[in-house]
Amino acid sequence: MNSKMLEERKKKYCLTDGTIGFSIDVAGMDFKDEDLNALSAKFADAHKEMIRIESGEIKNPDENRKVTHFTDRAVYPGTSLFADIQNFAEELRTGLIKGCTGKAIENAVINGIGGSALGPQLIQNAIRGPYWNELPAKKRKGFLRIYFLDNTDTAELKDLLDAVELDKTILISISKSGGTQETKNNMIAFRDIYSKNNLDFAKHSCAVTMIGSELDKYSKAENWLRVFPLADSIGGRTSETSVVGHLPAALAGIDFKSFLQGACHMDAWTREPDFRINPSYLLAAMWFIAGKGKGDKNMVIVPYSDRLILLSRYLQQLVMESLGKEKDLDGKTVHQGLNVFGNKGGTDAHAFIQQLNDGRNDFFVTFIEVLKDFINIPIEENISMSDYLHGFLCGLSNALLGKDREVIRMSVREMNEFNLGLLIALYERAVAYYAELVHINAFHQPGVQAYKLASKSIISLTKDIQVALRSIGQFSGTAKELLAKAGLKAQASEAEGILAKFAENSSLRKFNGFKITREWNDEKGWVYEITVL
Ligand code: PA5
């Protein structure tokens, strides 16, 4: 596309809200007016479905749930829940609530995964930056340092425990379902560490979960500091504008009301039925046309702001967990999805951008620019550091367009809560609308359930193998031989994985009644040695 054509197209395909300084420009995408016209009946149907979502119909049929994140956030600031969270954060900040030894709470550990972690991580980094926890309390105005646990990985846990003082820390366990194993494991680890250190865990623990969940019942029975309810109709990956995003943000003094105002501003704009002037619909239409309604092109997200480095990770989950589906709403096998990756510009120009320029043309890129600088750094006469970042963005965009690569550009005025709210709401609605265009349920995640079930059988094999190892006595042999001797029915490779973990952790982990080591044998592979204790 030459620059004259691009300028012409921008007149039509660049949407701007001058009141807030936001714009989205899809002129660099490869489509014609006719392509949009041909799809207008489909777009109109999808819009009707969007109205059904907001009018409270069941739009997550598998889970028999309403989908209320678009509507709930408009009223949330006026609720008592909102006020409770603000008060709780203030009581922690001012030291009114203290830890069990009487010391002020300085650190919050946010324990959650997927939709219960990615939004809080994004807003924390976007608004507070990567070095918030290193600032002295005065610079943080007494707000808490924020840490995250979002896995069941001992490395993550050990690194965190090395960094925080337990009696100055609270654990915030966030789990909509209240039964997610990764989150539960971190809670158990914390509970036991507090108990070993003679500290009262209940005075250092809070939960955000659905009423009646396992976590809800447990935390209430144990008299935790606070338990905040999350509505059943708000899904994990669309929960950032609810209590899930609010509590961690409030603890760091982030202006959540302004964040919600940004989201609501975008909601008002994106309720517009005409997809040509509705930024979410136009965005989804671009995804649909670029990928021929089958996700044939990858979505590359490149924000030109280090503060948005987690945006691609956040959108990867929002888009791929919502749109990556085997079946459509009629039960037909469709294997839908849209790949999302990205990191940050201009750094990416020294990494994967080489392939975007010269390699496979299997993507469209979305550049997001933040116009206002954090500080002014002159580099040479009349040129500041950020002029270079802008120059690199435009240069890359032009170079890509010159090679018939597809480009979407967005810009926000500055990095603040309001503008982050705009971006999140923009993408949330684009995802929901795209799901309607391809006729799938964006709000369930059957693939996640499938992996959970498959993992359960490995945990059960792990238990069975330990029972077997205690009873078979002295033994030396391969995993396959061990299974045979113990009379266990399992794949040798699965048993091998479990035994390998046992053997490599023999110095750390005490097994009841036996010790296990392994040695490599060129003919047999790994040979396990069981010693009865
Ligand atoms: O978007 C989703 O639904 C998931 O990513 C969930 O957020 C994730 O599985 C964690 O679930 P929960 O909040 O129930 O612990």
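As the structure lists them, so they are numbered: ligands from 1, and atoms in each ligand from 1. Nothing fancy with the numbering, it's 1 onward along the sequence.
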J.: Donor-acceptor pair, distance only, cut-off 3.5 Å: does the side chain of H246 make one with the backbone of I85?
T.: no

J.: Can you see whether D328 engages H439 through a side-chain donor-acceptor pair at a distance of less than 3.5 angstrom?
T.: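 There is no such pair between these side chains.
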
J.: Mind jotting down which protein residues get a heavy-atom contact under 4.0 Å with ligand 1? Chain and number order, please.
T.: I113, G114, G115, S116, S175, K176, S177, T180, G236, R237, Q317, E321, Q445

J.: Does a donor on one side chain sit under 3.5 Å from an acceptor on the other, for T241 and R73?
T.: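 Yes, because at least one side-chain N or O of T241 sits under 3.5 Å from a partner of the opposite role on R73.
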
J.: Among D362, V300, N298, V319, find the residue that satisfies the side-chain contact (heavy atoms from CB on, under 4.5 Å) test when tested with N339.
T.: N298

J.: Output yes when E406 and K297 qualify as a salt bridge under the 4.0 Å nitrogen-oxygen rule, no when they do not.
T.: yes

J.: List in chain and number order the residues that pass side-chain hydrogen bond (donor to acceptor under 3.5 Å, both in side chains) with N60, two or more places apart in sequence or in another chain; answer none if no residue qualifies.
T.: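 Once residues adjacent in sequence are excluded, the partners of N60 under the side-chain hydrogen bond (donor to acceptor under 3.5 Å, both in side chains) criterion are E63, N441.
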
